[in-house]
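Computation of the quantities below employed the complete heavy-atom set of this structure, encompassing side-chain atoms and omitting hydrogens, waters and symmetry-equivalent molecules. Reminder, nothing fancy here: chain letters follow the sequence lines and each chain counts from 1.
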Protein chains: 2
Amino acid sequence: MIDAAGLRVMRAIAEQGSFTGAATALGYSQPAISQMVRRLEQRTGTPLVDRVGRTVRLTEAGAALARHAGTVLSALDAAEEEVSAIAGLRAGRVRLAAFPSASATLVPKALALVRDRFPDISMTFTEAEPPESLAALRAGECDLAVAFTYAGDDLAADSEDLDVLVTEPLLRDEVLIALPPSHRLARGTGAVDLADLATEHWIAGCPRCRGHLLTMCDQAGFSPDVSFETEDYVAVQGLVAAGLGVALIPDLIVRTTYNPDVVIRQVTPASRRDILAVTTPDLRRVPAVAAALEALAEVAASPDLLPTFPGDAASVPEPELDYHL
Amino acid sequence: MIDAAGLRVMRAIAEQGSFTGAATALGYSQPAISQMVRRLEQRTGTPLVDRVGRTVRLTEAGAALARHAGTVLSALDAAEEEVSAIAGLRAGRVRLAAFPSASATLVPKALALVRDRFPDISMTFTEAEPPESLAALRAGECDLAVAFTYAGDDLAADSEDLDVLVTEPLLRDEVLIALPPSHRLARGTGAVDLADLATEHWIAGCPRCRGHLLTMCDQAGFSPDVSFETEDYVAVQGLVAAGLGVALIPDLIVRTTYNPDVVIRQVTPASRRDILAVTTPDLRRVPAVAAALEALAEVAASPDLLPTFPGDAASVPEPELDYHL
DNA sequence: CTCGACGCATAACACGCCGTTATATGGTGT
DNA sequence: ACACCATATAACGGCGTGTTATGCGTCGAG
């Protein structure tokens, strides 16, 4: 029945003492005020102004509206300001979820970058494996997830989730082979042929990584003998170092938690996991989320972290494989 | 940029958890909500809801709007309620101004009637002679004035004021003649011929009453010898009782402040003053003012006060003139 | 796994609010 | 008395905001 515009007009009339004054104060024409008051009067059913001669005065009801205008309009301004602050990156919150090995360098650097640029954006971080982080995204429990997908195999499986989500590629993470130093292939150069490891004992990582291992070995023509499974890649490397088996291990993990007692080599057929940022189409357009996303992309693209992701294979420098030697 | 309707929608979405729920809660159709949200989003420049699958969730900005909605809308409701109370006679104030001799019976009875019917209407009363009360009306210092005009002569003079004001006739007040008991005409019956008093000493009342005296005497063919002037009709009657002169005195005054030591008789040519309620066209439509006006009219029309005003002369009962005898 | 129900988005359309300019009317002061 | 100033009215245009009809995608159940 009564809206903010009406209150604004009534307040301006009270302050200016005339329709014309109110009109100029609000940037309207005089008839606009005249009609607005008339509409308000026939809505409320009672006169709001007392027109005597060429002067207008507020009636009791009109004065009541003008008096309430301050309360309503300042509350409205507060609401607008809060939204404007969120839109203008002067406020806001981003709930980020990432898998453990991304938490080491990628996420901290991105968080620092966002904090640097927009000190008023508060960022919270949760560690979660891709399946859970995407579930959290869908459940509205986080705004941005750093996840990975193994190129080729379970990308199709993820598409079930990814169709309603938007993804931004961050890094291409080469999958390498970890061998005990005593292994017969530990001292060669170049890539190790996966088929040469058909009879090895295998140590698998997280469930998805295990799935990828099975896929790759299948392509190489054998089924791996998986002796151990653990999500902890420190443990994986420990197991390998102890000579209990070999393991596929992503480059990013090696770079962050490297055990000097294992040998890392490239493997053929080459394989990688794609690390990407995931969010919903709507959240993608939230300025704070967009800023965090861009920071992630920048950090991922910076040469002091890892090779850029979307470039073609030729432009990607060879991974330094001499971790050990 | 943001209006109350938008906040109402956002709050409903927050409470109901879906567009459809919000729509039914607000009595709208579902697309109305959908479009409203879209408009708000493109106005604020940031997503307000996160649509994932067939569920919607508020973003931070949307939640901010929903959170502010309570403040704004309750303030708006308070404003509406206050106006509604004024329109519904559950609140309000009427500032009444009346000339002294109306304050005796007409005004108190009307005030009592209003208080009876609408206990929450506060009425204030100021005593003022017609010129000042009309000035107060024009100056916005009162809402309703009880004034009088002498029929015929200064009605034209008042029209200058009365054109922008609206009047409601209340009473016709016969103008009578007050004589000392010792006067040669004190014992007759019927009306006294004004021309028979051409050589008397005259006592005049308020300035407007004095003007009316001059007009009447002029019509009767003489110019009165005005010996005293006072606005106090108690004094007028005292002067007459002391034999210092004769005076024209309205019936209403005699009825309220009658000095038994004077004789009151009708006079020819007959004359009267019209007592009327005056306000502005706008204030006339303010419910509280209208209620006060109606109360005044009812009191004026009630037979236990004085004869009705607008009736023709035939229907007006003869004034009781035997105040003294 | 398919099907039906549910919820949001979009299209097309109608109405009324709310501005505008042009003009009339009436009060005020020199 | 006349010019100025303030409000009222008329006519008109835009768009905000509702409607119904319809499509599409998702979630749950047989």
Side-chain angles (χ1 to χ4, degrees), chain A residues 1-10 12-13 16-44 47-58 62 134-135 137-140 159-165 280-282, chain B residues 1-10 12-13 16-44 47-58 62 134-135 137-140 159-165 280-282:
Chain A
M1 179 165 158
I2 295 178
D3 59 343
L7 291 182
R8 214 184 310 273
V9 167
M10 292 307 297
I13 294 173
Q16 305 294 328
S18 72
F19 283 15
T20 303
T24 60
L26 295 176
Y28 290 158
S29 65
Q30 171 265 319
I33 306 296
S34 194
Q35 294 174 114
M36 184 61 140
V37 171
R38 187 174 42 170
R39 277 192 300 267
L40 283 175
E41 284 180 334
Q42 61 195 27
R43 277 184 223 166
T44 59
L48 300 178
V49 300
D50 183 21
R51 301 124 161 119
V52 46
R54 70 179 181 185
T55 68
V56 294
R57 258 189 309 276
L58 295 186
L134 295 192
L137 205 52
R138 297 174 67 91
S159 73
E160 178 185 3
D161 280 338
L162 294 181
D163 53 357
V164 297
L165 303 176
T280 71
D282 286 317
Chain B
M1 177 165 161
I2 296 177
D3 59 344
L7 291 183
R8 213 183 311 271
V9 167
M10 292 308 297
I13 294 173
Q16 304 295 328
S18 73
F19 283 15
T20 302
T24 60
L26 295 177
Y28 290 157
S29 64
Q30 172 265 319
I33 306 296
S34 194
Q35 296 173 115
M36 185 62 147
V37 171
R38 185 173 45 168
R39 276 193 300 269
L40 283 174
E41 285 181 332
Q42 61 195 28
R43 278 184 220 165
T44 59
L48 300 178
V49 300
D50 183 20
R51 301 128 163 116
V52 46
R54 70 180 181 185
T55 69
V56 294
R57 256 187 313 275
L58 295 186
L134 295 191
L137 206 53
R138 298 174 67 92
S159 71
E160 177 186 3
D161 281 336
L162 293 181
D163 52 357
V164 296
L165 303 176
T280 70
D282 286 317

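Atom CZ in B:R39 sits about 6 Å away from atom C1' in D:dG16, given to the nearest Å. One interatomic measurement links the two molecules: CZ of B:R38 to P of D:dG18, which rounds to 13 Å at whole-angstrom precision. Between the C1' atom of D:dT9 and the CZ atom of A:F19 lies a distance of 14 Å, rounded to the nearest Å. A straight line from CD of A:Q42 to C1' of C:dC17 spans 11 Å, rounded to a whole angstrom. Between B:I2 atom CD1 and D:dT17 atom P there is a gap of 12 Å when expressed in whole angstrom units. Distance, B:L40 CG to D:dT17 C1': 12 Å, rounded to whole Å. As a whole-Å value, the separation of B:D50 CG from C:dC8 C1' is 13 Å. Rounded to a whole Å, the CG atom of A:L165 is 11 Å from the P atom of D:dT26.
Contact check, B:T20 against C:dC8: a side-chain N or O comes under 4.0 Å of OP1 or OP2. One finds no side-chain N or O of B:R57 lying less than 4.0 angstrom from the OP1 or OP2 phosphate oxygen of C:dC8. A sub-4.0 Å separation between OP1 or OP2 of D:dA8 and a side-chain N or O of A:R51 is present.
For A:V164, the listed nucleotide lying nearest its side chain is D:dT26; candidates were D:dT26, D:dA8, C:dA9. Side-chain atoms of A:D3 lie closest to C:dC18 of the nucleotides D:dA6, C:dC18, C:dG19. Checking C:dA9, D:dA8, D:dC4 against every side-chain atom of A:R54, the shortest atom distance belongs to D:dC4. Ranking C:dA22, D:dT19, D:dG16 by closeness to the B:Y28 side chain, first place goes to D:dT19. Distance from the side chain of B:M36 is smallest for D:dG18 among the nucleotides D:dT7, C:dT20, D:dG18. Picking from D:dT20, D:dT7, C:dT20 the nucleotide with the shortest atom distance to the side chain of B:S29 gives D:dT20. Proximity note for B:A32 (side chain, C-beta onward) versus C:dG7, D:dG18, C:dT10: the nearest is D:dG18. Here D:dT7 is the nucleotide among C:dC18, D:dT7, D:dT20 with the atom lying nearest to any side-chain atom of A:S34.
Closest approach of B:T44 to B:M1, counting heavy atoms only: CA-CE, 3.4 Å. A pairwise comparison of heavy atoms in A:P281 and A:V164 identifies CD-O, 3.2 Å as the closest pair. Nearest heavy-atom pair, A:Q16 versus A:A25, reported as atom, atom and distance to 0.1 Å: NE2-CB, 3.8 Å.
In terms of position along DNA chain C, the nucleotide closest to B:G53 lies nearer the 5' end than the nucleotide closest to the other residue of the pair B:G53 and A:I33.
Looking at A:D50, its side chain never comes within 3.5 Å of a backbone N or O of A:R57 through a donor-acceptor pair. Not a single donor-acceptor pair under 3.5 Å links the side chain of B:Q30 to the backbone N or O of B:T20.
For the atom pair CZ (A:R8) and CD1 (A:I13), the distance works out to 13.5 Å, reported to the nearest 0.5 Å.
Taking 3.5 Å as the limit, the base of D:dT7 and the side chain of A:Q35 contain no donor-acceptor pair of atoms between them. Under 3.5 Å, the side chain of B:Q30 and the base of C:dA9 form at least one donor-acceptor pair of N or O atoms.
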